[in-house]
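Quick note: residue numbers are just sequence positions, from 1.
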Amino acid sequence: MKTVICNSLQSFWDMGDHQFLEGHNVHCVFPVNEQVKTFILECQSRYKIRSITFTQASLSQ
């Protein structure tokens, strides 16, 4: 199964709105807080995404 890598929230929205994520696994490599993560997971059925995973990333200070 193909996995689509999203480098930003904007790329996630753009690809989802153009049906590029439909039927695929999605892996988000950008930092997200719990609120954004919940929002993205709620988009799963709307964009017909098979599964969504996230990379844990830390922001340096």
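For Gln10, the side-chain hydrogen bond (donor to acceptor under 3.5 Å, both in side chains) partners at least two apart in sequence or on another chain are Asp14. The side-chain hydrogen bond (donor to acceptor under 3.5 Å, both in side chains) search around Thr53 returns His27, not counting sequence neighbours. Applying the side-chain contact (heavy atoms from CB on, under 4.5 Å) test to Ser11 and every residue at least two apart in sequence or in another chain returns Cys6, Ser8, Met15. Residues meeting the ring-ring contact (aromatic ring centres under 6.0 Å, His included) test with Tyr47, sequence neighbours left out: Phe12. A search for side-chain contact (heavy atoms from CB on, under 4.5 Å) contacts involving Lys37 returns Val32, Glu34, Leu41, Phe54, not counting sequence neighbours. Checked against side-chain hydrogen bond (donor to acceptor under 3.5 Å, both in side chains), Thr3 has no partners two or more places apart in sequence or in another chain.
Asn25 and Ser51 make their closest contact through OD1-OG, 2.8 Å (heavy atoms, listed as atom of the first residue, atom of the second, distance). Residues Gln44 and Arg50 share a closest heavy-atom pair of NE2-O, 3.0 Å.
Atom NE2 of residue His24 and atom CD1 of residue Ile52 lie 13.5 Å apart, to the nearest 0.5 angstrom. Taking CH2 from Trp13 and CD1 from Ile40, the interatomic distance works out to 8.0 Å, rounded to the nearest 0.5 Å.
Within the 4.5 Å cutoff, no side-chain heavy atoms of Phe30 are placed close to those of Asn7.
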